[in-house]
There are 2 protein chains.
Amino acid sequence: MDKKEQILASALKLFVEFGFHGTPTSKIAKEAGVSNGTLFHYFATKEDLIKELYITIKNDLNQFLFSKITPEDGVEAIIKKVFIYFIYWALDNREKNHYIQQVLFSPHIFQISESVLMEQSQKHIQLIEEAKATKIIKELPTDLIYTLANSHLMGIYNYVVNLPPDQQKPIIENGFEMLWDMLTEQK
Amino acid sequence: MDKKEQILASALKLFVEFGFHGTPTSKIAKEAGVSNGTLFHYFATKEDLIKELYITIKNDLNQFLFSKITPEDGVEAIIKKVFIYFIYWALDNREKNHYIQQVLFSPHIFQISESVLMEQSQKHIQLIEEAKATKIIKELPTDLIYTLANSHLMGIYNYVVNLPPDQQKPIIENGFEMLWDMLTEQK
DNA sequence: ACCTTTGTAGAGTGATTAGTCAATCTAGTA
DNA sequence: TACTAGATTGACTAATCACTCTACAAAGGT
């Protein structure tokens, strides 16, 4: 792992444990095994480090999610995969998931440009529009569906994260069904 | 408003806008119109201020929610009221709601004693158990229901917060129905 | 009137921090 | 070999911050 990645990895660990305030750049550099100067060679400011870490993680996540899709998958299968694999990713990358939420409810989120944030949700939004177009899911505002799906996802995650691994799968599967039932028409 | 309340109000405003790190105690004192010393007369440490602000807001919220219940309300009516009025409270107290979330995803949450946190969710948990006992809602783990309801609530809030006020009501009402359908048995 | 407690002020302090800078190292290229 | 550009170091600095301390004022009890 090169120095830049090392710095990002150390920053992630420390930010999640001690918060942005609680982690001086000097500790990040130390943990990463590099000098103070090197940190500022790669990241002009601490704020830049926070931002870049966020964007890196989000991109990794999206790449992972969409790598699970195969061409023959229908819209429903894709949505289900995105849902399920997000939770497995979050369980395997708890710090990263926590960090994303941490940034989301901090003033740092406003430092990240609107266009970057949009870019990351674009594919998910597209999926929803597609599902709406093919009449699979209800005619609700796309943003509402997106928000509800996200919230539900986090709800399931928050519950299963405290469960022993062998009990997680049925809850996750059932969790998706609950969301799906909510979003599809019921007679 | 006495000085202590003034300090809490100023802290809320500044913490939400600039984060915990971004707001020095000196700025809080200035904004509140008191001296540095006065702030530390009421709150031994900055951390104490952060904690007490959290607990105060949570208690206010709970008091508000349960003040809306009348004795003749059944379990379903109570749950609906708690749901609906939470959203209205959050819309009327955006900073307070944002602050709660901010603390939740920060290391400061670990500084708040387990018993205080439990006490605040106790009534909500009781409500769910009651609803389960009377067979109104599905037989799922109480914690799971609690988490899902919370998530759904925040999802609806996140959507309506960007809507003009006259369009909020139908979404909120419908939002509750979606959750209720999800938690009650479907044939 | 006297004393005690509590509230308030604001200058002061020691520690910490983000970011700088000049110097050295490394690797690629000609 | 000589040159260059980027990488790396770590001591240094200017600023900031949480918190202290001393002094004084207000309130209230006896």
Side-chain angles (χ1 to χ4, degrees), chain A residues 1-57 95 99 102-103 105-113, chain B residues 1-57 95 99 102-103 105-113:
Chain A
M1 202 173 0
D2 69 9
K3 309 240 165 176
K4 194 174 174 181
E5 283 172 8
Q6 202 84 42
I7 293 168
L8 285 170
S10 302
L12 170 63
K13 183 184 161 192
L14 294 170
F15 282 149
V16 169
E17 186 167 359
F18 303 108
F20 299 115
H21 165 50
T23 32
T25 50
S26 56
K27 280 231 183 71
I28 298 171
K30 203 172 187 179
E31 170 92 18
V34 302
S35 71
N36 248 330
T38 301
L39 189 150
F40 284 97
H41 174 72
Y42 288 106
F43 306 96
T45 65
K46 191 182 181 180
E47 184 75 31
D48 280 350
L49 171 56
I50 293 172
K51 278 195 268 182
E52 196 163 331
L53 181 56
Y54 178 85
I55 293 169
T56 303
I57 292 175
E95 283 181 345
Y99 183 78
Q102 199 174 327
V103 173
F105 283 101
S106 79
H108 303 288
I109 192 67
F110 301 118
Q111 307 296 329
I112 298 171
S113 81
Chain B
M1 199 169 9
D2 69 8
K3 309 242 165 175
K4 194 174 174 182
E5 284 172 8
Q6 202 83 44
I7 293 168
L8 285 170
S10 302
L12 170 63
K13 183 184 161 191
L14 294 171
F15 282 150
V16 169
E17 185 168 358
F18 304 108
F20 300 114
H21 165 51
T23 22
T25 51
S26 55
K27 282 230 183 73
I28 298 172
K30 203 171 187 178
E31 169 93 17
V34 301
S35 70
N36 247 334
T38 301
L39 189 150
F40 283 96
H41 173 72
Y42 288 106
F43 305 96
T45 65
K46 190 182 182 181
E47 184 75 31
D48 281 350
L49 172 55
I50 293 172
K51 276 195 267 182
E52 197 163 330
L53 181 55
Y54 177 85
I55 293 170
T56 303
I57 292 175
E95 282 181 346
Y99 183 78
Q102 199 175 328
V103 173
F105 282 101
S106 78
H108 303 287
I109 192 67
F110 300 118
Q111 307 295 329
I112 298 171
S113 81

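Values below: all heavy atoms of this structure, side chains included; hydrogens, waters and symmetry mates excluded. Below, chains carry the letters A, B, ... as their sequence lines are ordered, and counting in each starts from 1. Keep in mind the model is a prediction, meaning the values are calculated, not measured.
Rounded to an integer number of Å, the gap from CG of D2(A) to P of dG6(D) is 17 Å. Distance, Q6(B) CD to dA9(C) P: 11 Å, rounded to whole Å. Between the C1' atom of dG7(C) and the CZ atom of F43(B) lies a distance of 14 Å, rounded to the nearest Å. Taking atom CG of residue L14(A) and atom C1' of nucleotide dT17(C), one finds them 15 Å apart after rounding to whole Å. One interatomic measurement links the two molecules: NZ of K4(A) to C1' of dT8(D), which rounds to 16 Å at whole-angstrom precision. Whole-Å rounding puts the F40(B) CZ to dC17(D) P distance at 12 Å. Put simply, NZ on K27(A) is 10 Å from P on dA18(C), counting in whole angstrom units. For L49(B) and dC17(D), the CG to P distance is 15 Å, given to the nearest whole Å.
Checking L8(A), N36(A), V34(A), L49(A) one by one against I28(A), the side chain to side chain contact (heavy atoms under 4.5 Å, CB included) holds for a single residue, L49(A). Of the residues listed (F15(B), F105(B), Y54(B)), the one engaging F20(B) in a ring-ring contact (aromatic ring centres under 6.0 Å, His included) is F15(B), and it is the only one.
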Pick out the pairs of N or O atoms, protein on one side and nucleotides 22-25 of chain C on the other, that lie under 3.5 Å.
none

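Comparing Y42(A) and E47(B) along DNA chain D, the residue whose closest nucleotide (by nearest heavy atom) sits nearer the 5' end is Y42(A).
The distance from atom CD1 of I7(A) to atom CG of L53(A), rounded to the nearest 0.5 Å, is 11.5 Å. Distance check: E17(A) CD to T23(A) OG1 gives 10.0 Å after rounding to the nearest 0.5 Å.
A salt bridge does not link K13(A) with E95(A): every distance from a Lys NZ or Arg NE/NH1/NH2 to an Asp or Glu carboxylate oxygen is 4.0 Å or more.
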Letter by letter from the 5' end, nucleotides 9-16 of chain D scores (B base, S sugar-phosphate only, - none; protein heavy atoms under 4.0 Å) BB------
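A heavy-atom distance below 4.5 Å is found between the side chains of Q111(B) and E47(B). With a 4.5 Å cut-off on side-chain heavy atoms, K4(A) and Y42(A) count as touching. Side-chain contact between E5(A) and D2(A) is present, with at least one heavy-atom pair separated by less than 4.5 Å. Residues F43(A) and T25(A) fail the side-chain proximity criterion, which asks for heavy atoms closer than 4.5 Å.
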